[in-house]
Amino acid sequence: MRQPPDGSEVRYRRLPEGGIVDITELILDDHHEQRRLFAILEQIDRAETEVLSAIWARLAAFLELHAQAEEEIFYPALLQVGIAARRAGGVEDETLDAIHDHNQIRDAIAEVTHHQVGTDGWYAAVAAANTANSDHMAEEEREGLTDFRRLAGLPRRHQLAVAFAAYEARNYAGVQPVDKDPVSYVREAEKKLRTAASGSLSVGTLKRN
């Protein structure tokens, strides 16, 4: 049986006895919920400001938590399997784009707070956040998630799914949104990977300084 570049073998005898979860599926589930909440906002009368405010607060916190969970767990793993598969340049570009997108989403969420709920300005700001998030999700689903399914074995995807679910559960009340410099993020993530692997992983293109 062909072994994925991350070194994990896809053999049922090695999979957890309690069942399987896949981090790419958890991320897709989050994306579905985000789309659902944005759609709900569009279907509520603008006079229902308390309802709009409550749903937006939940959605904004969810968007920020999801982005942070990906930055803590998913994108370092994507870089790891990409480097192992000698595709460092490709996964670096995907990660740079993702961190840039996350910053745009966080900034768009912050802009919503500058407008009174239910006003034209508020709806325009929510729509801008929706557009930024939708563009990011589409790109991630087309590139990062697809590549990760190809490069990482199911045992590894299960392990990461457990960590991802635990992170979101522990931080259900929300996280502090902080923009990150995309290049610095990738450099730091790769530095941690090299340290963890005792120098066994080849470095990516961003390390050629």
Side-chain angles (χ1 to χ4, degrees), residues 4-6 21-35 37-38 59-112 128-152 156-157 159-161 163-168 171 174-194 196 201 203-208:
D6 70 342
V21 288
D22 183 334
I23 189 170
T24 65
E25 293 299 324
L26 293 189
I27 290 173
L28 287 172
D29 288 344
D30 277 7
H31 288 182
H32 174 75
E33 179 64 7
Q34 291 163 19
R35 291 183 174 106
L37 290 172
F38 272 115
L59 174 54
F62 184 29
L63 290 169
E64 290 163 350
L65 173 57
H66 175 81
Q68 185 69 18
E70 287 188 330
E71 290 167 4
E72 291 289 330
I73 296 165
F74 177 64
Y75 280 103
L78 177 63
L79 288 167
Q80 183 181 39
V81 297
I83 291 171
R86 300 184 183 279
R87 291 189 53 190
V91 296
E92 282 176 346
D93 287 343
E94 291 171 11
T95 304
L96 289 168
D97 286 344
I99 303 306
H100 174 75
D101 290 349
H102 285 177
N103 290 340
Q104 287 191 321
I105 293 166
R106 281 187 281 253
D107 293 346
I109 292 170
E111 177 61 27
V112 176
N130 192 3
T131 297
N133 192 59
S134 295
D135 290 347
H136 166 67
M137 290 190 298
E139 185 174 17
E140 185 171 73
E141 291 167 6
R142 185 175 62 251
E143 297 178 355
L145 295 181
T146 297
D147 284 345
F148 198 71
R149 283 191 292 268
R150 291 170 177 166
L151 297 173
R156 177 61 172 155
R157 301 203 307 271
Q159 178 188 42
L160 291 166
F164 191 88
Y167 186 91
E168 290 194 326
N171 295 281
V175 295
Q176 180 67 35
V178 178
D179 284 353
K180 298 176 178 63
D181 176 69
V183 173
S184 297
Y185 172 87
V186 171
R187 284 175 171 163
E188 183 62 26
E190 289 184 333
K191 179 180 178 181
K192 291 178 180 178
L193 290 174
R194 291 201 313 275
L201 292 178
V203 299
T205 56
L206 293 180
K207 296 300 179 182
R208 297 169 189 166

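- Using modelled atom types, no side-chain atom of R157 and backbone atom of T24 make a donor-acceptor pair closer than 3.5 Å.
- Closest approach of A152 to R156, counting heavy atoms only: CB-CG, 4.4 Å.
- Expressed to the nearest 0.5 Å, how far CZ of F38 lies from CG of L63 amounts to 5.0 Å.
- For the pair I73 and A163, the tightest heavy-atom approach, listed with the atom from each and the gap, is CD1-O, 3.4 Å.
- Residues D107 and D179 form a side-chain contact, since some pair of their non-hydrogen atoms from C-beta on lies under 4.5 Å apart.
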Practice task
Test L96 against H100 for side chain to side chain contact (heavy atoms under 4.5 Å, CB included), laying out the working first.
Solution key: CA-CA 6 Å; L96 289 168; H100 174 75; over 6 Å; no
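- The heavy-atom pair separating N103 from P182 by the smallest distance is ND2-CD, 4.2 Å.
- Closest non-hydrogen pair, D97 versus E139, comes out as OD2-OE2, 3.3 Å.
- The closest side-chain heavy-atom distance from H136 to Q104 is not below 4.5 Å.
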Practice task
Output, in order, the C-alpha distance, side-chain angles, deciding distance and verdict of side-chain hydrogen bond (donor to acceptor under 3.5 Å, both in side chains) for E140 and H31.
Solution key: CA-CA 10 Å; E140 185 171 73; H31 288 182; 3.0 Å; yes
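- Closest approach of E168 to A69, counting heavy atoms only: CG-CB, 4.1 Å.
- In this structure, CG on N171 lies 14.0 Å from NE2 on H66, to the nearest 0.5 angstrom.
- Between Y75 and Y185, the distance separating the two ring centers is not shorter than 6.0 angstrom.
- In this structure the side chain of F62 reaches within 4.5 angstrom of the side chain of D30, judged on heavy atoms.
- To the nearest 0.5 Å, atom CZ of residue F164 and atom CD of residue E72 are 11.0 Å apart.
- Rounded to the nearest 0.5 Å, atoms CD (E143) and CG (L145) are 10.5 Å apart.
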Practice task
Would you please test Q80 and K192 for side-chain hydrogen bond (donor to acceptor under 3.5 Å, both in side chains) and show each step?
Solution key: CA-CA 10 Å; Q80 183 181 39; K192 291 178 180 178; over 6 Å; no
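- Taking every heavy atom of both residues into account, A77 and L160 meet most closely at CB-CD1, 3.5 Å.
- With rounding to the nearest 0.5 Å, the separation of CG in L79 from CD in E190 is 5.5 Å.
- Rounding to the nearest 0.5 Å places CG of L28 at 13.5 Å from CD of E33.
- The shortest side-chain heavy-atom distance between R35 and H32 does not fall under the 4.5 Å cut-off.
- The side-chain heavy atoms of T95 and I99, taken from C-beta on, include a pair separated by under 4.5 Å.
- Residues R142 and E94 fail the side-chain proximity criterion, which asks for heavy atoms closer than 4.5 Å.
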